[in-house]
2 protein chains.
Amino acid sequence: MIKENLEKYQIIEDCPVRNVLDRIGDKWSILVISILGELGTLRFNEINSIIGNISQKMLTVTLKTLEADGLVSRKIYPQVPPRVEYTLTELGNSLLPSIATLTQWALKNMSTIKASRERYFKSLSVK
Amino acid sequence: MIKENLEKYQIIEDCPVRNVLDRIGDKWSILVISILGELGTLRFNEINSIIGNISQKMLTVTLKTLEADGLVSRKIYPQVPPRVEYTLTELGNSLLPSIATLTQWALKNMSTIKASRERYFKSLSVK
DNA sequence: CCGCATCCTATTGGATACTG
DNA sequence: CAGTATCCAATAGGATGCGG
């Protein structure tokens, strides 16, 4: 009864789901997508300011990865100093509902989870 | 117009969303939750077999973390050799729809994303 | 059977300095 | 302004061996 489920979950070559989720499962992608989804088009330093504690390097690689995956589009204005704007693509927008569902779940249950963690670690120190 | 959004996204102390999403954003949690969600109660080695390429250590820490967060319950049968069963809690079950939405999005769009990546890296090598 | 402990490697991500 | 390049620290995660 379990045998027939093996193939479904085993990562034979490269699991399609993990292949995609690994990307947005990093430290900043979901946050950047949420911000762009809510505020629309933003410049590099605007995103930087909004997040506040992201390093320039990580914002660069996050945006580059999202651009490579086709979730974010990048528009360069050929002027000095340069102006670069980022916007969600249609594909990026299609991801918003899923992310919203997930973050809402997180918001709703975070206090329960935190309490559970404390209870768990307290029970460990007793043993 | 951006100022009033600052506080919302800046990670002043610890962002509640990231605090929770960091956990399920690791390599195995979503997979384990999906498997338990679909197959119900499973023993340690059953999950191990179904995934196939997970190390024993990582399955242990993944299950322990999910248990600490209250997403998975652990039942020990006091016998030799030991028998330990894992099941989603109600909280764990409540996460299933969100995960399903996300994985369905991933499945639906993975080919598009893969194509986008190839196009992107091909355009890089041209420059 | 179900782990835990240890060691080791690879990857992630931050800090800093520099460029068009 | 919008990056790139380099170095470094922290963490994640795999391999192996042992134990109840």
Side-chain angles (χ1 to χ4, degrees), chain A residues 2 10-11 14-15 18-19 21-32 35-36 41-68 72-87 120-121 123-125 127, chain B residues 2 10-11 14-15 18-19 21-32 35-36 41-69 72-87 120 124 127:
Chain A
I2 286 180
Q10 272 176 3
I11 305 178
D14 57 335
C15 172
R18 263 255 306 276
N19 200 310
L21 294 192
D22 274 357
R23 295 297 188 97
I24 65 164
D26 68 355
K27 193 170 181 182
W28 300 108
S29 291
I30 288 187
L31 186 59
V32 169
I35 290 173
L36 286 177
T41 300
L42 292 174
R43 300 179 62 170
F44 185 90
N45 268 350
E46 288 176 333
I47 307 176
N48 203 346
S49 305
I50 292 171
I51 298 182
N53 63 342
I54 187 174
S55 66
Q56 215 174 23
K57 172 189 166 183
M58 285 317 296
L59 183 54
T60 302
V61 307
T62 302
L63 287 169
K64 280 241 173 300
T65 306
L66 292 175
E67 188 196 358
V72 162
S73 71
R74 183 170 181 270
K75 186 172 183 185
I76 315 166
Y77 294 85
Q79 59 188 39
V80 178
R83 172 188 188 87
V84 183
E85 289 182 346
Y86 294 92
T87 318
Y120 184 82
F121 289 114
S123 76
L124 280 188
S125 56
K127 287 176 186 172
Chain B
I2 284 181
Q10 272 176 3
I11 304 175
D14 57 335
C15 170
R18 263 256 304 281
N19 200 309
L21 293 193
D22 274 358
R23 294 299 186 97
I24 65 164
D26 68 354
K27 195 170 180 182
W28 300 109
S29 290
I30 288 187
L31 186 59
V32 169
I35 291 174
L36 287 178
T41 299
L42 291 174
R43 301 180 60 172
F44 185 90
N45 269 350
E46 287 176 332
I47 307 176
N48 203 349
S49 305
I50 291 171
I51 298 183
N53 62 344
I54 187 175
S55 67
Q56 216 174 22
K57 172 189 168 183
M58 285 316 297
L59 183 53
T60 302
V61 306
T62 301
L63 286 170
K64 279 247 173 297
T65 306
L66 293 175
E67 189 196 357
D69 285 5
V72 161
S73 71
R74 182 169 182 269
K75 186 172 183 186
I76 314 164
Y77 295 84
Q79 58 188 40
V80 179
R83 172 188 187 90
V84 183
E85 289 184 345
Y86 294 92
T87 318
Y120 184 81
L124 280 188
K127 290 175 188 171

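The analysis underlying the following values was restricted to heavy atoms, covering all of them including side chains, and did not include hydrogens, waters or symmetry mates. In the text below, chain A, chain B and the rest are named by the order of the sequence lines, each starting its count at 1.
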*Would you kindly give the NZ-to-P distance between A:Lys75 and D:dA2, to the nearest whole Å?*
15 Å
_Could you work out, with side chain to side chain donor-acceptor pair (under 3.5 Å) as the rule, every residue matching A:Thr87, not counting sequence neighbours?_
A:Thr41
*Heavy-atom check, side chain of B:Ile51 versus side chain of B:Val32, under 4.5 Å*: yes
_Does a side-chain N or O of B:Arg83 approach OP1 or OP2 of C:dC2 to a distance below 4.0 Å, or not?_
no
*asked:* Which heavy atom of A:Phe44 sits nearest to which heavy atom of A:Leu59, and what is that distance?
replied: O-CD2, 3.6 Å
*What is the distance, rounded to the nearest whole Å, between atom CZ of B:Arg23 and atom P of D:dG13?*
12 Å
*Contact list for residues 75-86 of chain B, test salt bridge (charged side-chain N to carboxylate O under 4.0 Å, His left out), sequence neighbours left out*: B:Arg83-B:Glu85
*What residues form a side chain to side chain contact (heavy atoms under 4.5 Å, CB included) with A:Arg74, not counting sequence neighbours?*
A:Lys64, A:Glu67, A:Ile76, A:Val84, A:Tyr86
Taking only nitrogen or oxygen atoms into account, show me every contact under 3.5 Å that the protein makes with nucleotides 4-8 of chain C, one pair per line with its distance.
{"from": "C:dC4", "atom 1": "OP1", "to": "B:Lys64", "atom 2": "NZ", "distance (Å)": "3.4"}

*Figure out the CG/P separation between A:Asn53 and C:dG13, and round it to whole Å.*
13 Å
*Report the distance from atom CD1 of A:Ile76 to atom P of D:dG3, rounded to the nearest whole Å.*
8 Å
*asked:* Taking the axis from the first five pairs and the axis from the last five, what angle separates them in the helix from C:dC1-D:dG20 to C:dG20-D:dC1, rounded to 10 degrees?
replied: 50°
_Nucleotide C:dT16, atom P - distance to CE of A:Met58 in whole Å_ = 17 Å
*Compare side-chain N and O positions of B:Tyr86 against OP1 and OP2 of C:dG3 and report whether any pair is under 4.0 Å apart.*
yes
*Tell me: CG of A:Leu42 to P of D:dG3, nearest whole Å?*
13 Å
*Nearest to the side chain of B:Val84, which nucleotide is it out of C:dG14, D:dG3, C:dG3?*
C:dG3
*Between atom CG in A:Leu59 and atom C1' in D:dA5, what is the gap in whole Å?*
17 Å
_Qualifying salt bridge (charged side-chain N to carboxylate O under 4.0 Å, His left out) pairs with a residue from residues 21-31 of chain B, counting only residues at least two apart or across chains_ = B:Arg18-B:Asp22, B:Arg23-B:Asp69
*Can you tell me how far C1' of C:dC2 sits from CZ of B:Arg43, to the nearest Å?*
9 Å
*Starting at the 5' end of DNA chain C and moving along, which residue's nearest nucleotide shows up first, B:Pro81 or A:Gly25?*
B:Pro81
*Is there a side-chain polar atom (N or O) of B:Asn45 under 4.0 Å from OP1 or OP2 of C:dC2?*
yes
